[in-house]
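Notes for the one structure printed next.
A, B, ... follow the sequence lines: proteins, then strands. Residue 1 opens every chain.
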Amino acid sequence: MTTIYRDVYSFLELVKKTVMSLFLKPLRVKETFQQLYFVANGSLWIIVFCVCFAAVVTILESSFHMKLVIQNDSMVPGFASLLILRELGAVVTALLLTSRVGAGIAAEVGSMKVTEQIDALRMLGIDPIQFLLIPRLIATTLGCMILCVVANLICIFAAMIISDQVLGYTPSMFLTAMNRFVQFRDLIFSVVKAMFFGMTIPMISCFFGFRCKSGADGVGSATTQSVVFASISIIFLDFILSYTFSYFY
Amino acid sequence: MLEYRNLVKKFGERTILKGINLKINQGEIVFILGTSGTGKSVLLKNTVGLLKPDAGEIWIDGEEVAGFSEFEFLKIRKKCGMVFQHPALFDSLTIYENIAFGLRKHFSLSESEISSRVNRALKLVNIHDINDKRPAEISYGMQKRVSLARTVALEPKVLLFDEPTTGLDPVTTNAINELIKDLSRTLKTTSLVVSHDMPCALSIADRIVVFDQGQIVDQGTPQELLNSKVKLVQEFLAEAKEMLDHDSNVIRGTTS
Ligand SMILES: Nc1ncnc2c1ncn2[C@@H]1O[C@H](COP(=O)(O)OP(=O)(O)OP(=O)(O)O)[C@@H](O)[C@H]1O
Ligand SMILES: [Mg+2]
(Lines give C-alpha, C1' and ligand atoms only; values in the text may rest on other atoms or scores of the structure.)
(Ligands and ions follow the chains in the order given, each with its own letter.)
Protein backbone atom coordinates (compact mmCIF):
# COMPACT_ATOMS: atom_id res chain seq x y z
CA MET A 1 0.00 0.00 0.00
CA THR A 2 2.74 2.45 0.88
CA THR A 3 4.34 1.89 -2.51
CA ILE A 4 1.18 3.16 -4.23
CA TYR A 5 1.31 6.34 -2.18
CA ARG A 6 4.98 6.71 -3.02
CA ASP A 7 4.33 6.21 -6.74
CA VAL A 8 1.49 8.73 -6.77
CA TYR A 9 3.68 11.12 -4.85
CA SER A 10 6.56 10.78 -7.29
CA PHE A 11 4.14 11.24 -10.21
CA LEU A 12 2.89 14.48 -8.67
CA GLU A 13 6.49 15.47 -8.09
CA LEU A 14 7.14 14.98 -11.80
CA VAL A 15 4.08 17.07 -12.67
CA LYS A 16 5.34 19.84 -10.40
CA LYS A 17 8.81 19.82 -11.95
CA THR A 18 7.28 19.77 -15.41
CA VAL A 19 5.10 22.80 -14.73
CA MET A 20 8.09 24.62 -13.31
CA SER A 21 10.37 23.94 -16.23
CA LEU A 22 7.55 24.68 -18.67
CA PHE A 23 7.47 28.26 -17.42
CA LEU A 24 11.05 28.80 -16.32
CA LYS A 25 13.17 27.18 -19.01
CA PRO A 26 13.45 27.82 -22.74
CA LEU A 27 11.53 25.57 -25.08
CA ARG A 28 13.27 23.42 -27.68
CA VAL A 29 11.20 24.75 -30.54
CA LYS A 30 12.59 22.61 -33.35
CA GLU A 31 12.26 19.38 -31.40
CA THR A 32 8.70 20.33 -30.45
CA PHE A 33 7.74 20.82 -34.08
CA GLN A 34 9.37 17.53 -35.07
CA GLN A 35 7.38 15.78 -32.37
CA LEU A 36 4.19 17.55 -33.42
CA TYR A 37 4.74 16.40 -36.98
CA PHE A 38 5.25 12.86 -35.74
CA VAL A 39 2.16 12.94 -33.52
CA ALA A 40 -0.26 14.69 -35.83
CA ASN A 41 0.77 13.74 -39.32
CA GLY A 42 1.80 10.24 -38.40
CA SER A 43 -1.43 9.40 -36.61
CA LEU A 44 -3.85 11.13 -38.96
CA TRP A 45 -4.72 8.22 -41.24
CA ILE A 46 -5.04 5.68 -38.45
CA ILE A 47 -7.46 7.98 -36.68
CA VAL A 48 -9.45 8.77 -39.82
CA PHE A 49 -9.75 5.06 -40.56
CA CYS A 50 -10.88 4.18 -37.04
CA VAL A 51 -13.38 6.98 -36.53
CA CYS A 52 -15.04 6.22 -39.89
CA PHE A 53 -15.74 2.69 -38.74
CA ALA A 54 -16.81 3.96 -35.34
CA ALA A 55 -19.33 6.20 -37.09
CA VAL A 56 -20.66 3.37 -39.27
CA VAL A 57 -21.10 1.07 -36.30
CA THR A 58 -22.79 3.79 -34.24
CA ILE A 59 -25.31 4.56 -36.97
CA LEU A 60 -26.12 0.98 -37.93
CA GLU A 61 -26.32 -0.37 -34.39
CA SER A 62 -28.49 2.41 -33.03
CA SER A 63 -30.77 2.24 -36.05
CA PHE A 64 -31.17 -1.52 -35.63
CA HIS A 65 -32.08 -1.25 -31.95
CA MET A 66 -34.30 1.79 -32.29
CA LYS A 67 -36.27 0.01 -34.97
CA LEU A 68 -36.66 -3.00 -32.70
CA VAL A 69 -37.81 -0.99 -29.70
CA ILE A 70 -39.71 2.00 -31.05
CA GLN A 71 -40.18 0.86 -34.67
CA ASN A 72 -38.63 4.05 -35.92
CA ASP A 73 -35.05 5.34 -36.34
CA SER A 74 -35.66 9.01 -36.95
CA MET A 75 -33.74 9.97 -33.82
CA VAL A 76 -30.58 8.22 -34.99
CA PRO A 77 -28.84 11.10 -36.82
CA GLY A 78 -29.32 13.47 -33.91
CA PHE A 79 -28.26 11.02 -31.23
CA ALA A 80 -25.33 9.80 -33.26
CA SER A 81 -23.93 13.29 -33.75
CA LEU A 82 -24.40 13.97 -30.05
CA LEU A 83 -22.55 10.81 -29.13
CA ILE A 84 -19.77 11.50 -31.60
CA LEU A 85 -19.11 15.04 -30.45
CA ARG A 86 -19.49 14.43 -26.74
CA GLU A 87 -17.61 11.15 -26.43
CA LEU A 88 -16.39 9.25 -29.46
CA GLY A 89 -14.27 11.86 -31.23
CA ALA A 90 -12.08 12.79 -28.29
CA VAL A 91 -11.88 9.39 -26.60
CA VAL A 92 -11.13 7.34 -29.71
CA THR A 93 -8.47 9.85 -30.75
CA ALA A 94 -6.87 9.79 -27.32
CA LEU A 95 -6.88 6.01 -27.02
CA LEU A 96 -5.29 5.65 -30.45
CA LEU A 97 -2.66 8.22 -29.55
CA THR A 98 -1.96 6.33 -26.33
CA SER A 99 -1.06 3.20 -28.18
CA ARG A 100 0.85 4.88 -30.96
CA VAL A 101 2.50 7.90 -29.38
CA GLY A 102 2.40 7.03 -25.69
CA ALA A 103 3.95 3.61 -26.15
CA GLY A 104 6.61 5.14 -28.39
CA ILE A 105 7.52 7.78 -25.83
CA ALA A 106 7.70 5.26 -22.99
CA ALA A 107 9.92 2.93 -25.01
CA GLU A 108 12.17 5.74 -26.20
CA VAL A 109 12.62 7.38 -22.81
CA GLY A 110 12.89 3.99 -21.10
CA SER A 111 15.68 2.82 -23.34
CA MET A 112 17.46 6.14 -22.91
CA LYS A 113 17.25 5.59 -19.17
CA VAL A 114 18.52 2.01 -19.40
CA THR A 115 21.43 2.87 -21.68
CA GLU A 116 22.43 5.72 -19.33
CA GLN A 117 21.74 8.41 -21.94
CA ILE A 118 19.63 10.26 -19.39
CA ASP A 119 22.54 10.19 -16.95
CA ALA A 120 24.79 11.44 -19.74
CA LEU A 121 22.41 14.36 -20.32
CA ARG A 122 22.45 15.22 -16.64
CA MET A 123 26.25 15.11 -16.66
CA LEU A 124 26.15 17.95 -19.19
CA GLY A 125 23.81 19.92 -16.97
CA ILE A 126 20.78 19.23 -19.16
CA ASP A 127 17.44 18.72 -17.46
CA PRO A 128 15.82 15.59 -18.96
CA ILE A 129 12.39 17.05 -18.26
CA GLN A 130 13.12 20.15 -20.29
CA PHE A 131 14.99 18.21 -22.94
CA LEU A 132 12.66 15.24 -23.44
CA LEU A 133 9.36 15.69 -21.66
CA ILE A 134 8.35 19.29 -22.44
CA PRO A 135 8.63 19.03 -26.24
CA ARG A 136 6.62 15.80 -26.18
CA LEU A 137 4.08 17.26 -23.78
CA ILE A 138 3.42 20.31 -25.95
CA ALA A 139 3.44 18.33 -29.18
CA THR A 140 1.07 15.64 -27.94
CA THR A 141 -1.31 18.16 -26.38
CA LEU A 142 -1.53 20.27 -29.52
CA GLY A 143 -1.59 17.19 -31.73
CA CYS A 144 -4.40 15.63 -29.76
CA MET A 145 -6.49 18.81 -29.96
CA ILE A 146 -5.99 19.17 -33.69
CA LEU A 147 -6.65 15.51 -34.35
CA CYS A 148 -9.75 15.66 -32.18
CA VAL A 149 -11.29 18.38 -34.35
CA VAL A 150 -10.40 16.46 -37.49
CA ALA A 151 -11.72 13.22 -36.03
CA ASN A 152 -15.00 14.83 -35.04
CA LEU A 153 -15.56 16.34 -38.47
CA ILE A 154 -14.63 13.17 -40.33
CA CYS A 155 -16.72 11.06 -38.01
CA ILE A 156 -19.80 13.24 -38.47
CA PHE A 157 -19.22 13.28 -42.19
CA ALA A 158 -18.99 9.49 -42.28
CA ALA A 159 -22.14 9.22 -40.17
CA MET A 160 -23.92 11.52 -42.59
CA ILE A 161 -22.93 9.47 -45.60
CA ILE A 162 -23.93 6.20 -44.02
CA SER A 163 -27.29 7.62 -42.89
CA ASP A 164 -27.88 8.76 -46.44
CA GLN A 165 -26.86 5.51 -48.06
CA VAL A 166 -28.31 2.97 -45.65
CA LEU A 167 -31.04 4.66 -43.61
CA GLY A 168 -32.23 7.04 -46.30
CA TYR A 169 -31.86 10.32 -44.38
CA THR A 170 -30.55 12.91 -46.80
CA PRO A 171 -27.65 15.11 -45.66
CA SER A 172 -29.99 18.04 -45.17
CA MET A 173 -32.22 15.96 -42.88
CA PHE A 174 -29.11 14.81 -41.01
CA LEU A 175 -27.86 18.35 -40.56
CA THR A 176 -31.24 19.58 -39.42
CA ALA A 177 -31.41 16.83 -36.82
CA MET A 178 -27.86 17.53 -35.77
CA ASN A 179 -28.55 21.22 -35.43
CA ARG A 180 -31.36 20.43 -33.02
CA PHE A 181 -29.28 18.12 -30.84
CA VAL A 182 -25.80 19.62 -30.68
CA GLN A 183 -24.31 23.07 -30.37
CA PHE A 184 -20.95 24.57 -31.18
CA ARG A 185 -19.90 24.37 -27.57
CA ASP A 186 -20.03 20.58 -27.79
CA LEU A 187 -17.10 20.80 -30.17
CA ILE A 188 -15.31 23.16 -27.78
CA PHE A 189 -15.84 20.78 -24.86
CA SER A 190 -14.55 17.95 -27.01
CA VAL A 191 -11.37 19.89 -27.72
CA VAL A 192 -10.96 20.72 -24.03
CA LYS A 193 -11.21 17.01 -23.29
CA ALA A 194 -8.61 16.32 -25.97
CA MET A 195 -6.30 18.84 -24.35
CA PHE A 196 -6.46 17.04 -21.01
CA PHE A 197 -6.01 13.65 -22.67
CA GLY A 198 -3.10 15.00 -24.71
CA MET A 199 -1.37 16.17 -21.53
CA THR A 200 -1.98 12.90 -19.73
CA ILE A 201 -0.41 10.64 -22.34
CA PRO A 202 3.19 12.01 -22.38
CA MET A 203 3.20 12.66 -18.62
CA ILE A 204 2.40 9.04 -17.88
CA SER A 205 4.69 7.69 -20.60
CA CYS A 206 7.64 9.74 -19.41
CA PHE A 207 6.91 8.87 -15.79
CA PHE A 208 7.26 5.17 -16.57
CA GLY A 209 10.14 5.82 -18.96
CA PHE A 210 12.18 7.75 -16.37
CA ARG A 211 11.81 5.01 -13.77
CA CYS A 212 12.44 2.18 -16.19
CA LYS A 213 14.40 -0.73 -14.70
CA SER A 214 17.41 -2.00 -16.59
CA GLY A 215 17.20 -4.88 -19.04
CA ALA A 216 15.05 -5.41 -22.11
CA ASP A 217 12.09 -6.52 -20.00
CA GLY A 218 12.40 -3.23 -18.11
CA VAL A 219 11.64 -1.27 -21.27
CA GLY A 220 8.88 -3.72 -22.17
CA SER A 221 7.10 -3.40 -18.88
CA ALA A 222 7.53 0.38 -18.81
CA THR A 223 5.79 0.50 -22.20
CA THR A 224 2.99 -1.83 -21.17
CA GLN A 225 2.38 -0.04 -17.89
CA SER A 226 2.33 3.35 -19.54
CA VAL A 227 -0.29 2.24 -22.08
CA VAL A 228 -2.45 0.59 -19.41
CA PHE A 229 -2.31 3.52 -17.01
CA ALA A 230 -2.78 6.14 -19.72
CA SER A 231 -5.85 4.30 -21.06
CA ILE A 232 -7.38 3.99 -17.62
CA SER A 233 -6.64 7.64 -16.88
CA ILE A 234 -8.26 8.71 -20.13
CA ILE A 235 -11.47 6.80 -19.43
CA PHE A 236 -11.52 8.11 -15.88
CA LEU A 237 -10.78 11.70 -16.91
CA ASP A 238 -13.48 11.43 -19.55
CA PHE A 239 -15.99 10.59 -16.85
CA ILE A 240 -14.88 13.50 -14.67
CA LEU A 241 -14.90 15.98 -17.53
CA SER A 242 -18.27 14.86 -18.93
CA TYR A 243 -19.72 15.14 -15.46
CA THR A 244 -18.25 18.62 -15.03
CA PHE A 245 -19.44 19.80 -18.44
CA SER A 246 -22.96 18.59 -17.70
CA TYR A 247 -23.29 21.58 -15.36
CA PHE A 248 -22.89 23.90 -18.32
CA TYR A 249 -25.93 22.62 -20.23
CA MET B 1 41.14 15.30 -4.16
CA LEU B 2 38.33 12.78 -3.90
CA GLU B 3 37.26 11.20 -0.66
CA TYR B 4 34.38 9.04 0.51
CA ARG B 5 33.54 8.87 4.20
CA ASN B 6 31.20 6.17 5.41
CA LEU B 7 29.16 6.31 2.23
CA VAL B 8 25.89 4.37 2.43
CA LYS B 9 23.45 3.87 -0.42
CA LYS B 10 20.19 1.95 -0.22
CA PHE B 11 17.61 1.02 -2.82
CA GLY B 12 14.43 0.38 -0.88
CA GLU B 13 15.25 -2.31 1.64
CA ARG B 14 18.52 -3.32 0.01
CA THR B 15 21.71 -1.65 1.16
CA ILE B 16 24.06 -1.53 -1.81
CA LEU B 17 26.97 0.48 -0.39
CA LYS B 18 27.65 -0.35 3.23
CA GLY B 19 29.94 2.38 4.43
CA ILE B 20 32.69 3.12 1.91
CA ASN B 21 35.83 4.89 3.13
CA LEU B 22 38.27 5.74 0.40
CA LYS B 23 40.66 8.56 -0.32
CA ILE B 24 42.14 9.30 -3.73
CA ASN B 25 44.93 11.82 -4.27
CA GLN B 26 45.41 14.09 -7.22
CA GLY B 27 46.95 12.43 -10.25
CA GLU B 28 46.45 8.98 -8.80
CA ILE B 29 45.05 6.09 -10.81
CA VAL B 30 42.86 3.91 -8.66
CA PHE B 31 41.30 0.72 -9.98
CA ILE B 32 38.16 -0.74 -8.46
CA LEU B 33 37.69 -4.46 -8.88
CA GLY B 34 34.77 -6.53 -7.76
CA THR B 35 32.21 -9.07 -8.85
CA SER B 36 29.09 -8.06 -10.73
CA GLY B 37 26.39 -6.27 -8.77
CA THR B 38 28.50 -5.19 -5.81
CA GLY B 39 27.77 -1.51 -6.35
CA LYS B 40 30.75 -0.22 -8.31
CA SER B 41 28.62 1.72 -10.77
CA VAL B 42 26.47 2.96 -7.92
CA LEU B 43 29.57 4.39 -6.22
CA LEU B 44 30.61 6.28 -9.34
CA LYS B 45 27.11 7.65 -9.88
CA ASN B 46 26.95 8.88 -6.29
CA THR B 47 30.17 10.79 -6.86
CA VAL B 48 28.68 13.02 -9.53
CA GLY B 49 25.21 13.26 -8.02
CA LEU B 50 23.36 11.01 -10.45
CA LEU B 51 22.33 9.06 -7.36
CA LYS B 52 22.03 10.51 -3.88
CA PRO B 53 23.67 8.68 -0.94
CA ASP B 54 21.57 7.85 2.13
CA ALA B 55 24.38 8.62 4.55
CA GLY B 56 28.03 9.59 4.55
CA GLU B 57 30.10 12.27 2.91
CA ILE B 58 31.73 12.79 -0.46
CA TRP B 59 34.55 15.33 -0.64
CA ILE B 60 35.70 16.66 -3.99
CA ASP B 61 38.41 19.32 -4.09
CA GLY B 62 37.74 20.31 -0.48
CA GLU B 63 33.97 20.52 -0.87
CA GLU B 64 31.39 18.24 0.67
CA VAL B 65 29.03 17.51 -2.23
CA ALA B 66 26.63 14.85 -0.97
CA GLY B 67 24.02 17.44 -0.04
CA PHE B 68 24.36 19.48 -3.23
CA SER B 69 21.32 20.25 -5.38
CA GLU B 70 21.13 19.29 -9.06
CA PHE B 71 22.10 22.87 -9.91
CA GLU B 72 25.10 22.93 -7.58
CA PHE B 73 26.29 19.64 -9.03
CA LEU B 74 26.80 21.30 -12.40
CA LYS B 75 30.22 22.62 -11.42
CA ILE B 76 31.17 19.24 -9.94
CA ARG B 77 30.16 17.58 -13.21
CA LYS B 78 32.43 19.95 -15.14
CA LYS B 79 35.26 18.94 -12.84
CA CYS B 80 34.52 15.19 -12.83
CA GLY B 81 33.87 13.52 -16.14
CA MET B 82 32.23 10.13 -16.23
CA VAL B 83 32.50 7.43 -18.87
CA PHE B 84 29.46 5.23 -18.51
CA GLN B 85 29.29 1.47 -18.61
CA HIS B 86 26.99 1.75 -21.64
CA PRO B 87 28.24 3.87 -24.50
CA ALA B 88 25.27 6.20 -23.73
CA LEU B 89 25.73 8.16 -26.96
CA PHE B 90 22.80 10.35 -27.97
CA ASP B 91 21.04 8.39 -30.72
CA SER B 92 19.73 11.41 -32.56
CA LEU B 93 23.10 13.15 -32.95
CA THR B 94 26.03 12.32 -35.22
CA ILE B 95 29.33 11.18 -33.71
CA TYR B 96 30.80 14.65 -34.20
CA GLU B 97 27.79 16.32 -32.59
CA ASN B 98 27.83 13.87 -29.69
CA ILE B 99 31.27 15.11 -28.72
CA ALA B 100 30.70 18.75 -29.64
CA PHE B 101 27.45 18.83 -27.64
CA GLY B 102 29.19 18.71 -24.27
CA LEU B 103 31.85 21.21 -25.34
CA ARG B 104 29.12 23.65 -26.35
CA LYS B 105 27.25 23.09 -23.09
CA HIS B 106 30.19 23.46 -20.74
CA PHE B 107 32.42 26.01 -22.47
CA SER B 108 32.01 28.90 -24.84
CA LEU B 109 34.34 28.01 -27.67
CA SER B 110 34.44 29.01 -31.30
CA GLU B 111 33.40 26.45 -33.91
CA SER B 112 36.99 25.96 -35.04
CA GLU B 113 38.17 25.30 -31.49
CA ILE B 114 35.34 22.83 -31.02
CA SER B 115 36.20 21.09 -34.24
CA SER B 116 39.87 20.77 -33.32
CA ARG B 117 39.05 19.46 -29.85
CA VAL B 118 36.59 16.92 -31.24
CA ASN B 119 39.09 15.65 -33.75
CA ARG B 120 41.86 15.53 -31.16
CA ALA B 121 39.65 13.49 -28.83
CA LEU B 122 38.68 11.07 -31.58
CA LYS B 123 42.33 10.61 -32.51
CA LEU B 124 43.17 9.75 -28.91
CA VAL B 125 40.83 6.78 -29.07
CA ASN B 126 41.99 5.83 -32.53
CA ILE B 127 38.86 6.64 -34.48
CA HIS B 128 38.78 8.29 -37.88
CA ASP B 129 36.35 9.17 -40.64
CA ILE B 130 33.06 8.49 -38.90
CA ASN B 131 32.20 12.06 -37.91
CA ASP B 132 28.91 12.06 -39.76
CA LYS B 133 27.71 8.59 -38.82
CA ARG B 134 25.08 8.00 -36.16
CA PRO B 135 25.71 5.82 -33.11
CA ALA B 136 23.47 3.05 -34.46
CA GLU B 137 25.67 2.76 -37.55
CA ILE B 138 28.93 1.96 -35.77
CA SER B 139 29.97 -1.09 -33.78
CA TYR B 140 29.64 -1.42 -30.01
CA GLY B 141 33.39 -1.19 -29.50
CA MET B 142 33.53 2.00 -31.53
CA GLN B 143 30.60 3.44 -29.59
CA LYS B 144 32.45 2.79 -26.34
CA ARG B 145 35.52 4.56 -27.65
CA VAL B 146 33.49 7.53 -28.87
CA SER B 147 31.86 7.73 -25.47
CA LEU B 148 35.32 7.83 -23.90
CA ALA B 149 36.37 10.54 -26.33
CA ARG B 150 33.25 12.51 -25.49
CA THR B 151 34.21 12.67 -21.83
CA VAL B 152 37.95 13.14 -22.35
CA ALA B 153 37.31 16.05 -24.74
CA LEU B 154 35.91 18.02 -21.81
CA GLU B 155 39.30 17.69 -20.08
CA PRO B 156 37.96 17.17 -16.55
CA LYS B 157 40.26 17.09 -13.55
CA VAL B 158 38.80 13.83 -12.32
CA LEU B 159 37.82 10.99 -14.62
CA LEU B 160 35.49 8.22 -13.56
CA PHE B 161 35.60 5.23 -15.87
CA ASP B 162 32.94 2.53 -15.62
CA GLU B 163 34.41 -0.53 -17.32
CA PRO B 164 35.98 1.40 -20.19
CA THR B 165 37.53 -1.63 -21.83
CA THR B 166 34.93 -4.34 -21.25
CA GLY B 167 33.99 -5.88 -24.58
CA LEU B 168 36.86 -4.35 -26.51
CA ASP B 169 39.64 -6.16 -28.38
CA PRO B 170 43.09 -6.39 -26.74
CA VAL B 171 44.68 -3.81 -29.03
CA THR B 172 42.09 -1.17 -28.26
CA THR B 173 42.13 -2.14 -24.59
CA ASN B 174 45.85 -1.46 -24.45
CA ALA B 175 45.43 1.83 -26.26
CA ILE B 176 42.80 2.94 -23.78
CA ASN B 177 44.86 1.92 -20.79
CA GLU B 178 47.79 3.86 -22.20
CA LEU B 179 45.47 6.81 -22.63
CA ILE B 180 44.40 6.67 -18.99
CA LYS B 181 48.02 6.52 -17.94
CA ASP B 182 49.01 9.42 -20.22
CA LEU B 183 46.22 11.65 -18.95
CA SER B 184 47.29 11.10 -15.40
CA ARG B 185 50.98 11.77 -16.14
CA THR B 186 50.59 14.78 -18.45
CA LEU B 187 47.44 16.53 -17.24
CA LYS B 188 47.61 15.25 -13.64
CA THR B 189 44.12 13.83 -14.13
CA THR B 190 42.85 11.79 -11.22
CA SER B 191 41.33 8.54 -12.45
CA LEU B 192 38.97 6.14 -10.77
CA VAL B 193 38.58 3.10 -12.99
CA VAL B 194 36.08 0.29 -12.54
CA SER B 195 37.44 -2.64 -14.45
CA HIS B 196 37.63 -6.41 -14.64
CA ASP B 197 40.92 -6.27 -16.44
CA MET B 198 43.30 -7.51 -13.76
CA PRO B 199 46.54 -7.58 -15.76
CA CYS B 200 46.10 -3.99 -16.78
CA ALA B 201 45.13 -2.97 -13.26
CA LEU B 202 48.40 -4.49 -12.08
CA SER B 203 50.37 -2.64 -14.71
CA ILE B 204 48.95 0.90 -14.62
CA ALA B 205 47.18 1.33 -11.27
CA ASP B 206 48.78 3.24 -8.44
CA ARG B 207 46.35 1.57 -6.12
CA ILE B 208 43.79 -1.20 -6.42
CA VAL B 209 40.62 -1.38 -4.36
CA VAL B 210 38.67 -4.61 -4.16
CA PHE B 211 34.92 -4.44 -3.60
CA ASP B 212 32.64 -7.14 -2.36
CA GLN B 213 28.98 -6.84 -1.35
CA GLY B 214 29.19 -3.07 -1.09
CA GLN B 215 32.29 -3.02 1.08
CA ILE B 216 35.99 -2.59 0.49
CA VAL B 217 37.59 -5.91 1.35
CA ASP B 218 41.16 -5.03 0.46
CA GLN B 219 43.22 -2.25 -1.03
CA GLY B 220 46.83 -1.45 -1.76
CA THR B 221 49.43 -1.05 -4.44
CA PRO B 222 49.53 -3.82 -7.07
CA GLN B 223 52.55 -5.26 -5.28
CA GLU B 224 50.74 -5.38 -1.94
CA LEU B 225 47.71 -7.03 -3.50
CA LEU B 226 49.80 -9.78 -5.02
CA ASN B 227 50.50 -10.87 -1.44
CA SER B 228 46.93 -10.41 -0.22
CA LYS B 229 45.41 -12.96 2.13
CA VAL B 230 41.81 -12.18 1.09
CA LYS B 231 40.27 -15.06 -0.84
CA LEU B 232 38.38 -12.93 -3.37
CA VAL B 233 41.55 -11.01 -4.20
CA GLN B 234 43.45 -14.23 -4.71
CA GLU B 235 40.74 -15.48 -7.05
CA PHE B 236 40.89 -12.28 -9.05
CA LEU B 237 44.64 -12.56 -9.17
CA ALA B 238 44.86 -16.22 -10.06
CA GLU B 239 43.74 -15.69 -13.61
CA ALA B 240 45.84 -12.61 -14.08
CA LYS B 241 48.94 -14.34 -12.78
CA GLU B 242 48.35 -17.19 -15.18
CA MET B 243 48.06 -14.77 -18.06
CA LEU B 244 51.16 -12.88 -17.01
CA ASP B 245 53.13 -16.10 -16.73
CA HIS B 246 51.77 -17.22 -20.05
CA ASP B 247 52.76 -13.94 -21.67
CA SER B 248 56.30 -14.11 -20.39
CA ASN B 249 56.54 -17.72 -21.53
CA VAL B 250 55.39 -16.72 -24.98
CA ILE B 251 58.04 -14.07 -25.04
CA ARG B 252 60.67 -16.53 -23.90
CA GLY B 253 59.36 -19.00 -26.48
CA THR B 254 58.67 -21.81 -24.02
CA THR B 255 54.97 -22.23 -24.76
CA SER B 256 54.13 -24.73 -27.44
N1 LIG C 1 18.56 2.72 -9.99
C2 LIG C 1 18.56 1.56 -9.29
N3 LIG C 1 17.45 1.15 -8.65
C4 LIG C 1 17.43 0.01 -7.93
N5 LIG C 1 18.47 -0.82 -7.81
C6 LIG C 1 19.62 -0.48 -8.43
C7 LIG C 1 19.72 0.72 -9.21
N8 LIG C 1 20.97 0.79 -9.71
C9 LIG C 1 21.61 -0.31 -9.27
N10 LIG C 1 20.80 -1.07 -8.51
C11 LIG C 1 21.19 -2.32 -7.85
O12 LIG C 1 22.39 -2.09 -7.16
C13 LIG C 1 23.24 -3.23 -7.26
C14 LIG C 1 24.61 -2.80 -7.67
O15 LIG C 1 24.56 -2.31 -9.00
P16 LIG C 1 25.82 -1.79 -9.79
O17 LIG C 1 25.33 -1.40 -11.13
O18 LIG C 1 26.55 -0.78 -9.00
O19 LIG C 1 26.73 -3.09 -9.92
P20 LIG C 1 28.18 -3.18 -10.50
O21 LIG C 1 29.11 -3.44 -9.37
O22 LIG C 1 28.46 -1.99 -11.33
O23 LIG C 1 28.11 -4.49 -11.39
P24 LIG C 1 28.51 -4.71 -12.92
O25 LIG C 1 29.93 -5.19 -12.90
O26 LIG C 1 27.59 -5.76 -13.38
O27 LIG C 1 28.33 -3.43 -13.63
C28 LIG C 1 22.59 -4.17 -8.24
O29 LIG C 1 22.08 -5.26 -7.52
C30 LIG C 1 21.46 -3.39 -8.85
O31 LIG C 1 20.34 -4.22 -9.05
MG1 LIG D 1 28.49 -1.53 -13.29
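Checked against ring-ring contact (aromatic ring centres under 6.0 Å, His included), A/Phe248 has the following partners two or more places apart in sequence or in another chain: A/Phe189.
Contacts between residues 136-164 of chain B and chain A, defined by a heavy-atom separation under 4.5 Å, are made by B/Arg150, B/Leu154. Among residues 80-118 of chain B, the residues having any heavy atom closer than 4.5 Å to a heavy atom of chain A are, in sequence order, B/Cys80, B/Gly81, B/Met82, B/Phe84, B/Gln85, B/His86, B/Ala88, B/Leu89, B/Phe90, B/Asp91, B/Phe101, B/Gly102, B/Lys105, B/His106. Identified by a heavy-atom distance below 4.5 Å to chain A, the contributing residues of residues 40-53 of chain B are B/Lys45, B/Val48, B/Gly49, B/Leu50, in residue-number order.
Interface remark: A/Leu121 contributes backbone and side-chain atoms alike to the contact with chain B (heavy atom separation under 4.5 Å).
Within a 6.0 Å radius of CZ in A/Phe196, no more than 12 heavy atoms belonging to other residues, nucleotides or ligands are found. Crowding of A/Lys17 atom NZ: a count of heavy atoms from other residues, nucleotides or ligands under 6.0 Å not exceeding 12. By the 6.0 Å contact criterion, NZ on B/Lys181 is open, its count of non-hydrogen atoms from other residues, nucleotides or ligands being 12 or less. Other residues, nucleotides and ligands contribute at most 12 non-hydrogen atoms within 6.0 Å of the CG atom of B/Asp129.
Here the side chain of B/Arg77 pairs no donor or acceptor atom with the backbone of A/Leu124 at under 3.5 angstrom.
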